[in-house]
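What you are looking at is a predicted structure, and each value in this text was computed from that prediction instead of being measured.
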Amino acid sequence: MLATGMPTTEYVELARCATESGPVRQHRLVDHHLLLAEVAPLSAGHVLVIPDLHILAAALLPPAETIRFDQICREVGLRLTERFGRDSYLTFEHGTGRTGALLPRRVKCAPTEHAHVHVLPNTIGPGVLDLLDQHTKADGYAGIRFDPADWATRRAALEVQGSSYHSFTVGTCEGERGMLFRPPGGALPSQYFRRFVTRHVQGSGEAFSVRSDWRDEVVFADGAVLHDIAATALFLEACEWQENRTSTLTPTHGHE
């Protein structure tokens with residue numbers, strides 16, 4: 001267990017040295033769902049919310065559990081805005097009804113075949129959805145504005161053979177707004193939302209190359225990335241969650 005109150009520099013050293021395979025990953029359990037510090041964060045406070053059921057998309061949760069899962073994502077997002085001094089938070093998910101190997105274009109990066117929603121502070125700004133709309137249209141992907149509480153639309157997207165949905169939302173204490181993508185080719189390109197966020201925060205230089213990809217050999221060698229992992233670990237450690245159980249996990253690979 002990572003000790004509460006440990007200086008950030010010591011957390012970074014733990015992240016660098018704690019296991020032979022790479023940094024440990026701080027996590028919490030809330031209603032049996034996992035809150036996990038992203039191993040390749042786009043910014044400090046980048047958290048994965050992972051359903052307890054082994055499914056390929058959060059929308060495949062039973063309706064009652066989907067509501068609670070949505071509440072957990074929102075609670076994490078609002079706490080992140082307070083902790084990291086932002087006006088809003090972002091979430092995104094690449095969900096599919098079939099394993100990536102069976103899709104025309106892979107929606108997951110092997111071997112991660114389990115639903116996970118990214119939640120992180122909004123480091124882009126209030127116009128993030130307009131920027132995303134422009135960005136995706138330039139790439140030939142048409143999205144629609146939608147209410148993030150509308151899980152029925154996401155479920156419907158999974159009913160078509162070779163289907164997927166890609167959701168991107170921005171949230172504040174007043175509510176959430178989002179965009180939903182259902183590309184005809186089966187999936188957006190790998191790392192698509194990661195690259196969008198990184199491009200608008202880091203530009204197109206070396207920092208973009210490091211942050212837009214989750215390859216361990218890149219991110220674990222970058223001091224700024226390790227600092228952000230540590231900051232997220234501190235966030236998860238400091239917050240009082242409904243289920244107050246903490247441990248560490250060695251890294252897993254392949255998060256979209």
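- Atom CD of Glu176 sits about 10.5 Å away from atom OG of Ser88, to the nearest 0.5 Å.
- Annotation: the span from Phe146 atom CZ to Phe168 atom CZ amounts to 11.5 Å, rounded to 0.5 Å.
- Nearest heavy atom pair, residue Gly95 against residue Ala57, reads CA-CB, 3.7 Å.
- In this structure, the side chain of Arg182 does not engage the main chain of Leu158 through any donor-acceptor pair within 3.5 Å.
- Around CG of Asp150, the count of heavy atoms belonging to other residues, nucleotides or ligands within 6.0 Å exceeds 12.
- Taking the side chain as every heavy atom from C-beta outward, Phe69 and Pro51 approach each other to under 4.5 Å.
- Side-chain atoms of His114 come within 3.5 Å of backbone N or O of Leu53 as a donor-acceptor pair.
- Lys137 has a carboxylate O that lies under 4.0 Å from a charged side-chain N of Asp133, or vice versa, which qualifies the two as a salt bridge.
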Item to complete: I would like to know whether Leu42 and Phe92 meet side-chain contact (heavy atoms from CB on, under 4.5 Å); could you show each step before the answer?
Response: CA-CA 12 Å; Leu42 296 177; Phe92 60 87; 4.2 Å; yes
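- For the atom pair Leu61 CG and Arg68 CZ, the distance stands at 12.5 Å (nearest 0.5 Å).
- Side-chain contact between Val49 and His116 is absent, with no heavy atoms from C-beta onward closer than 4.5 Å.
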Practice prompt. Go through the steps for Tyr89 and Glu82 under the test side chain to side chain donor-acceptor pair (under 3.5 Å), then give the verdict.
Written response: CA-CA 10 Å; Tyr89 61 88; Glu82 295 176 0; over 6 Å; no
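- Aromatic pair Tyr141/Tyr192: ring centres closer than 6.0 Å.
- Although no hydrogens or angles enter the test, the distance criterion places a donor-acceptor pair under 3.5 Å between the side chain of His33 and the main chain of Asp52.
- Considering CG of Leu56 and NE2 of His94, their distance stands at 14.5 Å, rounded to 0.5 Å.
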Discussion item. Could you go through Thr81 and Asp87, starting from their C-alpha distance and side-chain angles, then the distance that decides it, and tell me whether this counts as side-chain contact (heavy atoms from CB on, under 4.5 Å)?
Written reply: CA-CA 6 Å; Thr81 62; Asp87 294 331; over 6 Å; no
Discussion item. Apply side-chain contact (heavy atoms from CB on, under 4.5 Å) to residues Val47 and Thr232 and explain how you reach the verdict.
Written reply: CA-CA 7 Å; Val47 175; Thr232 307; 3.8 Å; yes
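- In this structure the side chain of Tyr165 never reaches within 4.5 angstrom of the side chain of Thr153, judged on heavy atoms.
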Item to complete: Determine, step by step, whether Leu120 and Phe84 satisfy the side-chain contact (heavy atoms from CB on, under 4.5 Å) criterion, reporting the C-alpha distance in whole Å, the side-chain angles of both residues, the deciding distance to 0.1 Å, and the verdict.
Response: CA-CA 10 Å; Leu120 62 155; Phe84 294 98; over 6 Å; no
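- Residues satisfying the side chain to side chain donor-acceptor pair (under 3.5 Å) criterion with Thr169, sequence neighbours excluded, are Thr91.
- Under 4.0 Å is where a charged nitrogen must lie from a carboxylate oxygen, and between Arg155 and Glu159 no such pair does.
- At least one donor-acceptor pair under 3.5 Å links the side chain of Arg154 to the backbone N or O of Pro148.
- Between Arg145 and Asp130, at least one side-chain N (NZ, or NE/NH1/NH2) sits under 4.0 Å from a carboxylate O, which counts as a salt bridge.
- Closest approach of Val119 and Cys73 over heavy atoms only: CG1-O, 3.9 Å.
- A search for side chain to side chain contact (heavy atoms under 4.5 Å, CB included) contacts involving Ile67 returns Gln71, not counting sequence neighbours.
- Between the CG atom in Leu34 and the CD1 atom in Ile72 there is a gap of 10.5 Å [rounded to 0.5 Å].
- To the nearest 0.5 Å, the span separating CD1 on Ile50 from NE2 on His118 amounts to 9.0 Å.
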